[in-house]
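Single-structure report; data block below.
Bear in mind the structure is a predicted one, so any value in this text is a computation, not a measurement.
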2 protein chains.
Amino acid sequence: MTDANGAAARVTLHDVAKAAGVSIGTVSNYMNGYPYMSAATKERVQDAIDQLGYVVNGTARNLRRGVTRLLSLSIPDLTQVYFAELAEEVIQVAREYDYGVIVESTGYDAAREMHSIQIMSQRMTDGLILSPLKLSDGDARKIKGDFPLVVLGESMFGVDAPHIIVQNIYAAKAATCHLVSAGCRSIAIVGGAVDPGNVSARSLRTEGYVAALREYGLPVDQRLIRETGDWNSRAGARAISDMMQEGLRFDGVFACNDMLAFGVISQLKEMGVSVPAQVQVVGFDNIDESQYTTPSLTTIDPGRRQIAKLAVESILEQVNQGRRAPKQRIEVEYSLVCRQSSPGFPVIGAKG
Amino acid sequence: MTDANGAAARVTLHDVAKAAGVSIGTVSNYMNGYPYMSAATKERVQDAIDQLGYVVNGTARNLRRGVTRLLSLSIPDLTQVYFAELAEEVIQVAREYDYGVIVESTGYDAAREMHSIQIMSQRMTDGLILSPLKLSDGDARKIKGDFPLVVLGESMFGVDAPHIIVQNIYAAKAATCHLVSAGCRSIAIVGGAVDPGNVSARSLRTEGYVAALREYGLPVDQRLIRETGDWNSRAGARAISDMMQEGLRFDGVFACNDMLAFGVISQLKEMGVSVPAQVQVVGFDNIDESQYTTPSLTTIDPGRRQIAKLAVESILEQVNQGRRAPKQRIEVEYSLVCRQSSPGFPVIGAKG
DNA sequence: GTGAAAGCGCTAACAC
DNA sequence: GTGTTAGCGCTTTCAC
């Protein structure tokens with residue numbers, strides 16, 4: 001396994017063939033599970049492999065086969081729990097198909113998002129799962145080539161590729177309806193958009209929130225729509241203390257993600273407001289931690305596992321087809337996970 | 001860019017060469033920035049490239065060059081914030097060297113940890129950064145080959161490769177000393193090991209905790225060493241409520257990671273104990289969120305960035321050397337980040 | 001300055 | 001059943 005110098009011996013098919021006294025093609029057949037071989041030959045080949053410590057050279061195999069069994073996942077930031085958990089799912093699903101995942105973290109940087117696309121074209125990987133944040137539709141059109149691609153979200157719907165869509169509007173609506181049916185009459189949204197209008201998660205979730213209020217004939221109070229720069233717990237806490245300071249009253253909070261919700265709950269407690277007795281809280285994302293907090297958090301599960309599964313499977317299908325699939329919306333099922341932060345019951349049919 | 005069928009045209013160096021009326025070697029030279037070329041040739045080649053939309057085939061290049069500019073990172077679970085943030089750092093550092101990262105999530109499964117090692121030997125990547133949890137020293141010895149390898153932690157010190165070591169003992173000692181010097185006289189450890197003895201983070205951190213108490217001549221109360229199965233906030237909360245129920249008194253808590261600390265703080269608040277006025281809390285990991293909570297969390301920063309940097313750079317060095325580096329301990333600097341959960345001042349020299 | 005040619009290590013036809 | 005062979009697309013001597 002090591003040569004006289006102690007350096008790595010580069011054992012090739014050729015070496016194994018020579019040692020086993022067969023041809024290189026036979027060894028290759030053996031490696032690939034070709035069935036029509038004599039038991040004797042199989043054994044000699046295996047012996048040679050063991051003795052020499054041969055391992056197939058993946059790069060050569062890739063070149064020859066034209067695929068790498070590797071796919072790229074491009075996300076904004078692993079530090080955001082949502083994306084980390086999404087990446088975890090993608091890696092797991094990919095593994096089921098014997099695929100590896102190159103994770104590219106673009107850091108909310110359009111240039112880096114483009115970069116991961118460039119890399120793709122170099123055919124180091126078989127396909128790209130792209131979760132774009134900053135890329136404009138203009139950049140989008142630069143996504144040339146027809147390598148397998150799946151876009152997460154609808155922010156770049158100009159691109160001609162399958163899009164996997166979280167139903168932000170309906171899910172947010174369901175979350176809000178749930179609060180109403182649990183008895184809340186004055187519901188704030190934390191992390192929302194004061195002036196919705198684009199396709200960001202922020203805007204869409206606000207849209208769902210408003211739709212729910214309207215459906216129940218409840219007034220939409222602009223002061224209860226709290227936009228925050230970040231979506232972390234500090235921002236959530238801040239939104240609450242601001243509202244309290246402004247003398248606003250509310251009995252329910254829909255937080256646009258779970259981190260915000262944690263901050264919301266923490267700050268409410270801090271100010272002596274009991275959750276859920278006085279104020280009920282619902283989050284969005286269903287990150288792992290949301291089940292462990294006190295109170296545990298009612299939240300929207302956006303269907304991460306399904307997103308990962310659909311994305312990977314679409315890529316593989318495209319690989320098989322030999323080209324990119326056409327533009328299409330693939331909508332993922334969401335669900336409302338009811339926990340202690342809101343004792344009510346889920347609202348069925350928010351989608352209708 | 002697309003052929004008559006609309007399928008991907010597979011543009012090769014050959015095609016570019018033909019279109020530009022030069023040899024394939026010249027195009028290759030151009031692609032690699034070879035300086036001695038006539039301006040005229042350069043231009044013709046560039047035109048052909050633009051026109052045909054040529055992109056180099058990375059796989060072929062890899063085979064020829066013998067490297068992939070890809071490295072593997074094998075960690076237990078991206079769902080754990082610590083690992084997600086570590087992965088993020090590794091990806092960033094790798095990018096600085098124009099390297100991509102294949103993230104393998106082993107899910108606390110020894111078989112998968114071995115698997116990522118197998119993959120490595122297939123030379124799909126230039127090196128492996130392995131954060132082992134379950135792999136025994138016995139498995140370790142199976143890590144044949146001398147491909148570039150860096151092991152994170154000391155749990156597998158039998159392996160002949162560089163190990164990057166977080167100074168668990170000293171860091172935990174520093175955290176505990178900090179609590180003492182801040183006035184705490186009765187300090188609990190949450191997530192510790194009732195019966196330390198191996199090289200797990202749990203045991204080492206407990207060791208540091210005990211060492212600090214001894215140094216200050218404080219008694220070690222076994223009832224204040226709370227072992228928890230998981231290291232999440234629920235476990236932290238549980239440990240606190242258990243201790244309270246048992247009638248134990250304490251004025252400081254060293255939590256073995258930040259998630260535990262969050263649970264600890266949350267439960268203390270829940271029970272009407274004020275942090276830090278009545279009980280001070282220190283965590284471990286310095287995850288992003290620890291700065292956003294209320295109160296913000298005093299915690300040990302294990303030096304993730306440096307870990308990532310040292311790991312990637314060691315891999316690259318090994319790649320250049322053409323073989324694995326010998327066994328060595330590379331110790332990373334830690335620091336105590338002081339925040340609101342403990343108003344004291346950091347203790348200098350806990351290491352001595 | 002540019003071209004020709006020899007592989008990198010493998011797979012998959014196709015012989016026999 | 002097994003051997004032979006033609007490349008996959010590229011880099012890199014080495015001529016000229």
Side-chain angles (χ1 to χ4, degrees), chain A residues 8-46 48-49 52-70 121-126 145 147 319 322, chain B residues 8-46 48-49 52-70 121-126 145 147 319 322:
Chain A
R10 195 168 214 58
V11 184
T12 71
L13 269 191
H14 199 99
D15 302 321
V16 176
K18 199 152 61 178
V22 297
S23 83
I24 156 182
T26 298
V27 182
S28 174
N29 281 339
Y30 178 76
M31 292 300 292
N32 293 290
Y34 183 76
Y36 308 110
M37 292 181 69
S38 75
T41 306
K42 278 187 185 171
E43 196 181 315
R44 275 162 57 214
V45 172
Q46 183 59 57
I49 288 174
L52 297 171
Y54 170 74
V55 193
V56 67
N57 178 320
T59 308
R61 172 181 278 179
N62 288 346
L63 175 57
R64 185 54 231 247
R65 298 224 256 228
V67 296
T68 57
R69 297 201 88 80
L70 238 35
S121 334
Q122 304 195 186
R123 298 171 195 287
M124 304 264 323
T125 67
D126 294 349
F147 59 84
V319 170
Chain B
R10 197 168 213 56
V11 184
T12 71
L13 268 192
H14 198 101
D15 302 321
V16 177
K18 200 153 60 180
V22 296
S23 84
I24 155 180
T26 297
V27 182
S28 173
N29 281 339
Y30 178 76
M31 292 299 293
N32 292 290
Y34 184 75
Y36 309 110
M37 293 181 68
S38 76
T41 307
K42 277 187 186 171
E43 196 181 315
R44 277 164 55 215
V45 172
Q46 183 59 57
I49 289 174
L52 296 170
Y54 169 73
V55 193
V56 66
N57 177 320
T59 308
R61 172 181 276 180
N62 288 345
L63 175 57
R64 185 52 230 247
R65 297 225 257 231
V67 295
T68 56
R69 296 201 88 80
L70 238 36
S121 334
Q122 303 195 187
R123 298 171 195 288
M124 304 265 322
T125 67
D126 294 348
F147 59 83
V319 170

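- Candidate nucleotides C:dT11, D:dG9, C:dG1 were compared by shortest atom distance to the side chain of A:Ser28, and C:dT11 ranks first.
- At a threshold of 4.0 angstrom between heavy atoms, the contacts of A:Thr41 are confined to the sugar-phosphate backbone, with no base atom among them.
- Distances from the side chain of B:Ser23 to the nucleotides C:dG3, D:dC10, D:dA6 place C:dG3 closest.
- Rounded to whole angstrom, the span from the CG atom of A:Leu13 across to the C1' atom of C:dA12 amounts to 13 Å.
- Taking the side chain of A:Arg64 as heavy atoms from C-beta on, and the options C:dT11, C:dG1, D:dC10, the nearest nucleotide is C:dT11.
- At whole-Å resolution of the value, OH in B:Tyr36 and C1' in C:dG3 are 19 Å apart.
- Rounded to an integer number of Å, the gap from B:Asn57 CG to D:dT11 P is 9 Å.
- Contact between the side-chain N/O atoms of A:Arg65 and the OP1/OP2 oxygens of C:dC10 is not found at any separation under 4.0 Å.
- For B:Tyr54, the listed nucleotide lying nearest its side chain is D:dC10; candidates were D:dC10, C:dT2, C:dC10.
- The side chain of B:Tyr34 sits closest to C:dT2 out of D:dG1, D:dG9, C:dT2.
- Residues B:Gly25 and A:Gly25 both approach DNA chain C. Their nearest nucleotides, taken by heavy-atom distance, put B:Gly25 toward the 5′ side.
- Whole-Å rounding puts the A:Tyr30 OH to C:dA12 P distance at 18 Å.
- A pairwise comparison of heavy atoms in B:Ala19 and B:Leu52 identifies CB-CD1, 3.9 Å as the closest pair.
- Looking at every heavy atom in both residues, B:Arg10 comes nearest to B:Asp15 through O-OD2, 3.5 Å.
- Rounded to whole angstrom, the span from the CD1 atom of B:Ile49 across to the C1' atom of D:dC10 amounts to 14 Å.
- Shown here for B:Val22 and B:Val45, the closest heavy-atom pair between the two residues is CG2-CG2, 4.1 Å.
- Of the candidates C:dG9, D:dG1, D:dG9, the closest approach to any side-chain atom of B:Thr12 belongs to D:dG9.
- When each of D:dC10, C:dT11, D:dT2 is scored by its nearest atom to the side-chain atoms of A:Asn32, the top-ranked nucleotide is C:dT11.
- Rounded to an integer number of Å, the gap from B:Leu52 CG to D:dG9 P is 14 Å.
- For the pair A:Thr68 (side chain) and A:Met124 (backbone), a donor-acceptor distance under 3.5 Å is present.
- In this model, the phosphate group of D:dT2 is approached by a side-chain N or O of A:Ser38 to a distance below 4.0 Å at OP1 or OP2.
- Between A:Val319 and A:Val67, the closest heavy-atom pair is CG1-CG1, 4.4 Å.
- Taking the side chain of A:Ile24 as heavy atoms from C-beta on, and the options D:dT11, C:dT11, C:dT2, the nearest nucleotide is C:dT11.
- Note: B:Ser23 OG to B:His14 NE2 = 10.5 Å, rounded to the nearest 0.5 Å.
- Atom-to-atom, NE2 of A:His14 to P of D:dT5 comes out at 13 Å; the value is rounded to the nearest Å.
- For B:Val56, the listed nucleotide lying nearest its side chain is D:dT11; candidates were C:dT11, C:dC8, D:dT11.
- When rounded to the nearest whole Å, the span between CG of A:Asn29 and P of D:dT2 equals 9 Å.
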